[in-house]
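Here is the structure we will look at, set down as structure tokens.
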Amino acid sequence: MSESEERKPVEVLRTPVVLDYTYSAGQSSSRHLRAFGKGKLLGQRCPVDGRVYFPSRGSCPQHGVPIEGEPVELPDRGTIVTYSVNRVPSENIDLELPYAAIQVLLDGADTILFHVLGESSIDDVHMGMRVEAVWKPEEEWDDSVANIRYFRPTGEPDTPFDQYKEHI
Amino acid sequence: MRDVAVVAFTQAKSVRAERDLNETEILIPVIHDIKRGAGLETKDIDFVCSGSSDYLAGQSFAFVSGLDAIGAWPPVSESHVEMDGAWALYEAWVKIQTGHADTALVYGFGKPSMGDLSRTLALQLDPYCVVPLWPDAVSVAALQARLCLEGGVLSEREMAEVAVRDRGKGKSNPYAQVTGDFDVDALLAEPTFVSPLRRHDCSPISDGASAMIIAAGDRARDLAERPAWIRGLEHIVEPQDLGIRDLTTSRSTQIAADRAAVGKDKIDVAEVCGPFTHQSILVERALGLGESVDVNPSGGALSAHPLMAAGLTRIGEASKRIWDGSADRAVAHATSGPCLQQNLVCVLEGA
Ligand SMILES: [Zn+2]
């Protein structure tokens, strides 16, 4: 071995790290996800100011209090409060590029749901646009937000900015 | 130095595997109860600091979801250590010393049941020469126990006596997990688990959480009838390489205890975080505890060991003995890393 080889640092060391985890979504997220499996959208109400969290994580992150009590069922329609046009393919989303990633404020909710827009030209997407969920066929449902394939425009008049500006 | 005291403490019951709740949901009632008990809202707390490990959760930045339990909107002054909550307490104590806060909420939480803890802990070791061999945490502790036994530093009987003592006392602790009346001779008749360790030498794997409120001066006197004043708080670390350290003693605990002036006056109660019986003995010796000290009235880490919270819980349990007047002076200990690598010592006084 030449001197220069001896002085060469070891640059690669293979130490495969495999750690298995059994993850629990928790009570609150589990209820929320199981509701998706039944085609329902469940939110939860903050006991302090009544804001409706969708999804709920079991506590109000604003007031730091546990959220207990009956869940609030929400409709599968709402308003786009912001969006972005995506030109990068994703293995999880089977929409043609480009498509719009949207944040939807469901009617009656106070927090926003991340999803994608379908059946619409990206030239038409805009803040305030009314949308509704398009679900996958029921036999494909899982306990997952992906049961909603995408949201599509309803054609209703736009929601005025003042009505959702607190939620963006 | 500002006078700073522990004024409130709450914990979740330790369990072997919490299947229903996620880490944040374990934390939510603990944080809610401590704030309600102290009569404080989030806006009354100047600083928040937590201790947890993303390796236990198997998610990067898992600790951020813990903030959902706090209520962080409007935004709060917050920090996190990837260590036991006892070190979060240290950071909060320093923050109060600098004058940037008068009150702080400190918490630690962990749910090791999600993964294979003994394997996950291997990742604390040297990544080049040790981790590729994947030594599990119990085996690493067993190597230390062998050194202590063969070196005549302690005996298997003394180790079993620690288990009998702690798990017996743990019977009165509703948050403990493995408690009961055991017999030293019967325990010693059991087969070894990872030689020379037997089952009773090992702390349980626990899911759990604990939280504490500390406050300075008059604020502490407002919040507690008899605050547990932090009169000494030190943490000292040893090198990562197990071959460099003397594993038959706990030098870092000794140095921390000296600096925290543990020996300055009589100690009534000690809460020691010994994940294994021989480690508890090494720490008790390093702290210089006399015969009259009530060691681990809570049952210690052998009765419940919620990783990332167990050290903070020792300080909380010692504080409880100050609050109820059963102790005037207490010492609490927390440890981190393999074979007692890093140790924290906290001296609490009622006056
Ligand atoms: Zn709220």
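In what follows, every heavy atom counts, from backbone to side chain, and hydrogens, waters and symmetry copies are set aside. Here is the naming used below: chain letters follow the sequence lines, and residue numbers restart at 1 for every chain. What you see is a predicted model; the values in this text were computed from it and never measured.
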**OP:** Can you check whether anything in residues 21-49 of chain A gets within less than 4.5 Å of chain B, heavy-atom wise, and list it by number?
**Re:** A:Y21, A:T22, A:Y23, A:S24, A:A25, A:G26, A:Q27, A:S28, A:S29
Original post:
Is a donor on one side and an acceptor on the other found under 3.5 Å between the side chain of B:D84 and the backbone of B:L312?
Top reply: yes
Original post:
Only one of B:V48, B:V30, B:I34 clears side chain to side chain contact (heavy atoms under 4.5 Å, CB included) with B:Y107; which?
Top reply: B:V48
Subject >> Centroid-centroid under 6.0 Å between B:W87 and B:Y90 rings >> reply: no
Subject >> Region of A:S59 in contact with chain B, defined by heavy-atom distances below 4.5 Å >> reply: both
**OP:** Pick whichever of B:K43, B:Q59, B:R36, B:E41 has the most heavy-atom pairs under 4.5 Å with chain A.
**Re:** B:Q59
**OP:** Please look at B:A57 and chain A and tell me whether the side chain, the backbone, both or neither of the residue comes under 4.5 angstrom of a heavy atom of that chain.
**Re:** backbone
**OP:** Check each atom of A:V10 against the heavy atoms of chain B and say whether the ones under 4.5 Å are side chain, backbone, both or neither.
**Re:** neither
Original post:
Would you say the side-chain atoms of B:Q177 pair up with the backbone N or O of B:H305, donor to acceptor, closer than 3.5 Å?
Top reply: no
**OP:** Could you tell me whether the side chain of A:P75 reaches within less than 4.5 Å of the side chain of A:E132, counting heavy atoms only?
**Re:** no
**OP:** Measure the acute angle between the ring planes of B:F63 and B:F61, then classify it against the limits of 30° and 60° as parallel, tilted or perpendicular.
**Re:** tilted
Subject >> Test item: A:L105 and A:T159 side chains (from C-beta on) under 4.5 Å apart, heavy atoms >> reply: no
Original post:
How far apart are the C-alpha atoms of A:Y150 and A:E119, what are their side-chain angles, what is the distance that settles it, and do they pass the side-chain hydrogen bond (donor to acceptor under 3.5 Å, both in side chains) test?
Top reply: CA-CA 9 Å; A:Y150 53 75; A:E119 296 183 37; 2.7 Å; yes
Original post:
Side chains of B:P338 and B:L121: does their closest heavy-atom pair fall under 4.5 Å?
Top reply: no
**OP:** Between chain A and each of B:P127, B:G58, B:G115, count heavy-atom pairs under 4.5 Å; write down the option with the most.
**Re:** B:G58
Original post:
Do A:D107 and A:R130 meet the salt-bridge criterion of a basic N to acidic O distance under 4.0 Å?
Top reply: yes
Subject >> Test item: A:L19 and B:L123 side chains (from C-beta on) under 4.5 Å apart, heavy atoms >> reply: yes
Original post:
By number, which residues in residues 7-26 of chain B have some heavy atom less than 4.5 Å away from chain A?
Top reply: B:R19, B:D20, B:L21, B:N22, B:E25
Original post:
Side-chain donor-acceptor pair under 3.5 Å between B:S65 and B:D68, yes or no?
Top reply: no
